[in-house]
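Have a look at the structure below before the remarks.
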Protein chains: 4
Amino acid sequence: MMSIAPDRKLTSRGQERRDELVRYAVTRFAERGYHPTSVAEIVDGIGVGKGVFYWYFSSKEDLLREILREGLLRIRRHQQAAIRNEPNPLRRIENGVRASLEWLSDNTEVMRLVDFAWTEDTFASDLRRGRAISIEDTAKHLRDAMDQGLIAPGDAVTMATAIRGITEEVSRLHADTDADPSTIPADDVVRMVLTGIAG
Amino acid sequence: MMSIAPDRKLTSRGQERRDELVRYAVTRFAERGYHPTSVAEIVDGIGVGKGVFYWYFSSKEDLLREILREGLLRIRRHQQAAIRNEPNPLRRIENGVRASLEWLSDNTEVMRLVDFAWTEDTFASDLRRGRAISIEDTAKHLRDAMDQGLIAPGDAVTMATAIRGITEEVSRLHADTDADPSTIPADDVVRMVLTGIAG
Amino acid sequence: MMSIAPDRKLTSRGQERRDELVRYAVTRFAERGYHPTSVAEIVDGIGVGKGVFYWYFSSKEDLLREILREGLLRIRRHQQAAIRNEPNPLRRIENGVRASLEWLSDNTEVMRLVDFAWTEDTFASDLRRGRAISIEDTAKHLRDAMDQGLIAPGDAVTMATAIRGITEEVSRLHADTDADPSTIPADDVVRMVLTGIAG
Amino acid sequence: MMSIAPDRKLTSRGQERRDELVRYAVTRFAERGYHPTSVAEIVDGIGVGKGVFYWYFSSKEDLLREILREGLLRIRRHQQAAIRNEPNPLRRIENGVRASLEWLSDNTEVMRLVDFAWTEDTFASDLRRGRAISIEDTAKHLRDAMDQGLIAPGDAVTMATAIRGITEEVSRLHADTDADPSTIPADDVVRMVLTGIAG
DNA sequence: AATGAATGAGACTTCATTCAT
DNA sequence: TATGAATGAAGTCTCATTCAT
């Protein structure tokens, strides 16, 4: 009931505890699913009392939201760092795709949690806006490329969605079959994306 | 815990009841999520007692498995009907994509349930085999196309995965933003797929 | 979360169960207090599972509200039955006081629960209206008596409040010291009330 | 569980802190109820850590007992100061009633806490003795008055209880409907009490 | 086939209290 | 004295499932 102030100052020990909870929960949620994983399982797993959980999170739902929020923030940052200062729109798309593949293959657990969150209305609404922004980001590069005559004209939003779909599905398959992030077939994906949008 | 014989003969009224349960459950599961939807909610929703549910399904989990099984069976049939007798491998791929887009836009709820099922290990194992088969189906057409010199050589499995990703992500976005299945930008998708794999 | 329809039809067995729960809870609540009495204690006390409680009541709070509602309804009915058809306003007051003393000494447990409910804002608001009505009922008789010159004029609401206070406090003391309802000093109370208001 | 020595000397700053805790707790307990008010809420409300609470009180229960003890002590003192040196027993009763009304209207929150305490056996036993003494005090004056022929003979204990009931109920109603202590209808109450006992 | 009452494990959460710092 | 992190028993409530009718 008493919600936790989102900007509450934590001691460094407190911050570590919180991170430990998040880390462990992400693993468990991804492994067995959000609902099948109980708060008891999480606190037992790191050997603390139940109260600790509620000292750092106001509810199990709040924990997932935090995980999603932080995860989506990080992937966005990762993408933008890869794109910054790249003048060629096709290169920006390529770099974005590579950054996504990298990040997703390093954070397969978060990806799985996002996939779950899409399946419950409680969480999905939080994700819609993020998706719209992400697709619009890519669509902008596509329109730039069309304007510059680099690719044939077409429906930028559908293309951006397709790119997103390619990136995520390849990451999903890879996550399920191969633990090594370095073996992601990024070049193949990039080639397909770039020829696919060439038109 | 007595399990229900999967091939048990049902009277036509019984079959209708069962379908009614499935239909209503699919809607609710897709809307609010599998776990947040209780068996009580389902039976209340169609105005029957709890016993009815357990007459037709041995458990809530069993119901979801049935939904998934029937759903995946149907989409596979739909795709194969669209491909049958088509000698050109690229046309087979195109027809398969179009069939998937059609089916998914007509069955967005099942799609959402499949997405959920991927997030829990209990169900995910059932899906892995299906995905492998589905990707291998497409990969076979791709290899045929490569052999016939219709497209450049490349990693057929990654390409097939990409095609699957495009198809599903476009369907997801469309399901969330546009209720009308006829407005799926199938031509755009097909163009991107075909040029994307052209190499 | 799913609240119980207040007009839900119960089988006669169901009604008995519900009554059993109410009866036992009233006893326990009165004995040890509302909060110190857990739902587990109640269901264990009558030897049923926890779910039974929530089949009949949507929450522990709901149970208390029901107890209060039914209790206050009954005392009101009891009073009004005692007053009906009595033309003399002083007799109406006397009969009302006697009826209250009777009912309270037969229902000391409910009285204690009402006293508790006054101490928490969640419940108190429900009680204010009831008190206002009850006092106004008595005040009306007092004004009638003043109009008819039976008693000296005065502040009818304060008088009615005083009568209420006398009745309840005598009942409280009696409940704590003497289990036998027949020994309530009703005549003494009535005499004090009647001379007190005479002015 | 180390209990706090009840007569422990506190620095003046310590005494202030303790008073601050008591004051704030009384307000919250009266407003929302004893159980719904957590220790965390109290210490947060005055901006100190949890340790502070347990420095001054050995438990939440101990805090309530202290509040009750101090409150009942004060009202008794207030009444006795009002009665001292008054030779006429009826005047003593009148003065006692006026003193009670005054004190209760100035300390409505404590009154509510006492009402709560009556509803849990843990606390009620502490209150029984106090009530018995208080009623016996008044009964003594009544017997004096009877002996002196000032009022008709009657059951002094019931009368004293009635007086207590009047006083408290008028205070309760006033506390809930009118914040201004000066508007208590003390004269009306006194008149009713005096004529009521006259017989 | 169907009902709806019953079960009870187990989920989430609260909170009085303790304790290292 | 004081803090705030930690404890863990205990509380309320949910819900898949069973079963007498």
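Among the heavy atoms of the strands lying under 4.0 Å from A/Tyr56 are primed sugar atoms or P, OP1, OP2 only; no base atom is included. C/Arg18 comes within contact range of no nucleotide atom at all, as no heavy-atom separation falls under 4.0 Å.
Salt bridge status for D/Arg28 with D/Glu41: present, with a side-chain N to carboxylate O gap under 4.0 Å.
For the atom pair CD1 of A/Ile42 and CD1 of A/Ile46, the computed distance is 8.5 Å after rounding to the nearest 0.5 Å. Rounded to the nearest 0.5 angstrom, B/Asp121 CG and B/Asp126 CG are separated by 11.0 Å.
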Watson-Crick or G-U pairs under 3.5 Å in DNA chain E, rendered as dot-bracket with [ ] for crossing pairs and | for another strand = .||||||||||||||||||||

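Of the listed residues (D/Val39, D/Val43, D/Asp62), just one forms a side-chain contact (heavy atoms from CB on, under 4.5 Å) with D/Tyr54, and that residue is D/Val39.
Atom CG of D/Leu21 and atom C1' of F/dT3 are 14 Å apart (whole Å). C/Asp44 places its CG atom 11 Å from the P atom of E/dG8, with the value rounded to the nearest Å. Look at CD on B/Glu41: it is 16 Å from P on F/dT17, rounded to the nearest Å. If you take CZ of A/Phe57 and C1' of F/dA6, they are 15 Å apart, rounded to a whole angstrom. The interatomic distance linking A/Ile42 (CD1) with F/dG8 (P) rounds to 18 Å, in whole Å. Rounded to whole Å, atom C1' of F/dC15 lies 17 Å from atom CG of B/Leu64. C/Glu20 places its CD atom 15 Å from the P atom of E/dA5, with the value rounded to the nearest Å. Rounded to whole angstrom, the span from the CG atom of A/Leu63 across to the C1' atom of E/dA11 amounts to 15 Å.
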Quick one: do C/Arg18 and C/Glu66 satisfy salt bridge (Lys or Arg N to Asp or Glu O under 4.0 Å)? Show the steps, please.
-> CA-CA 11 Å; C/Arg18 204 196 108 112; C/Glu66 286 292 288; 3.4 Å; yes

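Here, F/dT21 and E/dA1 have their P atoms 23 Å apart, quoted to the whole Å.
Nearest-nucleotide mapping onto DNA chain F: of D/Thr11 and B/Lys60, the residue sitting toward the 5' end is D/Thr11. Looking at which nucleotide of DNA chain E each of B/Arg17 and D/Glu61 is closest to, the 5′-most match is held by B/Arg17.
For A/Phe29 and A/Tyr24, the distance between ring centers is not under 6.0 angstrom. Ring centroids of D/His35 and D/Phe116 are separated by less than 6.0 Å, placing the two rings close together.
Taking side-chain N and O atoms only, C/Arg13 has no distance below 4.0 Å to OP1 or OP2 of E/dG4.
For B/Lys60 and B/Phe53, the positive end is not near the middle of the six-membered ring at less than 6.0 Å and at most 45° from its axis.
Listed by residue number, the members of residues 47-55 of chain C with any heavy atom below 4.0 angstrom from DNA chain E are C/Val48, C/Gly49, C/Lys50, C/Gly51, C/Val52, C/Trp55.
Applying the salt bridge (Lys or Arg N to Asp or Glu O under 4.0 Å) criterion to C/Arg23, with sequence neighbours excluded, gives no partner residue.
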